[in-house]
Q: 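My structure is below; once you've seen it, I'll send some questions.
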Amino acid sequence: YMSSPQLRILVPLEDPTIEAALVDLAAALANPPWGEIHLTHVITPSSEPLEGVELLLAQRAESAMERGVGALVHIEHGENVTDEIRRAIERWSCNMMLMGWKADVESTAILAAANRALTKNIDVDTLIFKERDFAPAKRILVPTGGGPHSLLGIQIAYDLAQTWGAELEILRIARDARCDPHDPLLRRYCSQLTQDTHLQLELLGIDVPLTIIPSAEVVPAIVEQAKD
């Protein structure tokens with residue numbers, strides 16, 4: 001992923017009546033006037049028919065176009081959702097996919113989700129969005145582990161922060177079982193993480209606050225920082 005005037009985002013929509021926020025986020029990511037989103041609904045033999053789906057998709061597309069972003073509607077028929085989404089990505093030359101997440105954010109739900117199969121089988125940058133009263137953010141916290149997926153997340157978060165006028169903070173957790181602030185090895189580790197992450201941000205051309213937190217557990221530390 002890179003900021004591109006020709007970002008083409010495939011947005012699979014299972015039920016457009018409850019996925020307006022997903023379309024809004026896709027429209028925020030796509031750059032007008034050349035960015036475009038492809039709102040795609042897949043019908044399989046086992047799926048329940050959704051009355052008026054064409055009109056619902058058209059309404060979502062219209063709301064995106066009001067932001068200056070191109071929006072196209074596709075209804076695909078096939079035996080398998082994953083295969084149809086893959087074909088749609090190839091057909092429309094999409095370079096990103098944005099999906100919604102309706103289940104709880106915990107390991108069992110993640111491992112069992114159809115979204116996971118899509119992300120493993122489709123070779124494009126993929127974002128998964130969990131809606132909680134979505135509105136343009138005022139503060140964005142991006143936990144990073146330093147790998148390529150983290151850098152992608154930072155770049156996307158930076159673009160959204162620029163669009164929304166939001167504050168952006170990068171967070172890196174220095175995992176350590178004891179978290180002794182006087183431990184010279186821990187201090188050296190934190191210093192190395194700081195240097196490495198600043199170098200990555202510099203390569204991305206992003207200058208935002210960076211926080212390093214020593215912690216025995218990653219998730220609780222992220223949650224606490226997000227609350228501050």
Side-chain angles (χ1 to χ4, degrees), residues 1-44 47-78 80-103 113-115 117-119 121-138 140 152-166:
Y1 169 82
M2 64 181 67
S3 298
S4 167
Q6 295 184 332
L7 194 60
R8 295 177 297 278
I9 306 174
L10 186 85
V11 188
L13 297 175
E14 182 180 354
D15 185 352
T17 62
I18 59 173
E19 294 175 303
L22 191 64
V23 177
D24 289 343
L25 180 58
L29 285 167
N31 296 315
W34 306 116
E36 62 186 33
I37 62 176
H38 292 260
L39 308 181
T40 304
H41 179 74
V42 178
I43 299 174
T44 68
S47 62
E48 295 185 9
L50 185 61
E51 185 176 352
V53 67
E54 296 92 344
L55 178 59
L56 293 168
L57 289 169
Q59 290 171 342
R60 295 289 172 249
E62 184 177 355
S63 69
M65 288 187 287
E66 289 174 355
R67 298 169 177 258
V69 172
L72 295 93
V73 167
H74 312 291
I75 297 178
E76 306 293 342
H77 297 262
N80 181 278
V81 171
T82 300
D83 290 342
E84 292 308 314
I85 293 298
R86 183 190 297 111
R87 278 192 276 268
I89 286 173
E90 294 173 353
R91 186 180 304 123
W92 308 112
S93 301
C94 294
N95 46 23
M96 178 178 285
M97 179 167 64
L98 174 64
M99 295 188 294
W101 181 268
K102 299 180 180 66
N115 302 54
L118 275 173
T119 59
N121 288 290
I122 295 176
D123 188 24
V124 294
D125 292 334
T126 302
L127 307 180
I128 297 179
F129 171 60
K130 175 69 174 177
E131 180 186 358
R132 290 189 175 95
D133 299 322
F134 175 73
K138 295 181 180 178
I140 302 175
L152 171 63
I154 291 171
Q155 180 66 68
I156 291 171
Y158 178 77
D159 290 345
L160 288 173
Q162 295 294 106
T163 299
W164 293 333

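Everything numeric here is computed off the predicted structure, so don't read it as measured data.
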Q: Just jot down the side chain to side chain contact (heavy atoms under 4.5 Å, CB included) partners of E84, sequence neighbours excluded, or say none.
A: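 Result, side chain to side chain contact (heavy atoms under 4.5 Å, CB included) vs E84: V42, E76, R87.
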Q: Within this structure, what is the CD1-CG distance for the pair I154 and D159, rounded to the nearest 0.5 Å?
A: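 Separation between the atoms: 12.0 Å.
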Q: How far does OG1 of T40 sit from CG of L10, to the nearest 0.5 angstrom?
A: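 If I round to the nearest 0.5 Å, the distance is 4.0 Å.
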Q: Can you check whether H74 reaches W92 side chain to side chain, under 4.5 Å on heavy atoms?
A: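 With C-beta onward as the side chain, the pair touches.
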Q: To the nearest 0.5 Å, how far apart are CD1 in I9 and CD in E36?
A: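 One finds 9.5 Å between CD1 of I9 and CD of E36.
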Q: Answer yes or no: is there a side-chain heavy-atom contact under 4.5 Å between I37 and L29?
A: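 Side-chain contact under 4.5 Å: no.
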Q: Quick one: does N95's side chain have a donor or acceptor within less than 3.5 Å of a partner on L7's backbone?
A: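 No, the answer is negative, given that no donor and acceptor are paired below the 3.5 Å cut-off.
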Q: With side chain to side chain contact (heavy atoms under 4.5 Å, CB included) as the test, would you mind laying out the steps for M96 and V124 before giving the verdict?
A: CA-CA 5 Å; M96 178 178 285; V124 294; 5.9 Å; no
Q: Rounded to the nearest 0.5 Å, what's the gap from CD on Q155 to CG on D125? Could you check?
A: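 Output value for this atom pair is 11.0 Å.
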Q: Locate the shortest heavy-atom distance separating V69 from A27; write the atom from each residue and the value.
A: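 Smallest interatomic distance, heavy atoms only, reads CG2-O, 3.5 Å.
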Q: Please output the side-chain donor-acceptor pairs of residues 50-64 that fall under 3.5 Å, not counting sequence neighbours, one pair per line with the distance.
A:
unit_1: R60; atom_1: NE; unit_2: P16; atom_2: O; d: 2.8
unit_1: R60; atom_1: NH2; unit_2: P16; atom_2: O; d: 3.0
unit_1: S63; atom_1: OG; unit_2: R60; atom_2: O; d: 2.7

Q: Looking at CG of L13 and CD1 of I18, how far apart are the two atoms once the value is rounded to the nearest 0.5 Å?
A: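 It is 10.0 Å, given to the nearest 0.5 Å.
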Q: Would you indicate whether the side-chain heavy atoms of L22 and L98 approach each other to under 4.5 Å?
A: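 Side chain of L98 against side chain of L22, heavy atoms only: contact under 4.5 Å found.
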Q: Checking side chain to side chain contact (heavy atoms under 4.5 Å, CB included) for the pair L25/V11: CA distance, chi angles, key distance, verdict?
A: CA-CA 10 Å; L25 180 58; V11 188; over 6 Å; no
Q: If you round to the nearest 0.5 Å, how far is CD of E14 from CD of E48?
A: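 Spacing of CD (E48) from CD (E14) equals 9.5 Å.
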Q: At their closest point, which heavy atom of A137 faces which heavy atom of W164, and how far apart are they?
A: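 Minimum heavy-atom contact is N-CE3, 3.4 Å.
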Q: Look at the side chain of H41 and the backbone N and O of I75, then say whether any donor-acceptor pair between them is shorter than 3.5 Å.
A: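 Pair absent, no side-chain N/O of H41 close to backbone of I75.
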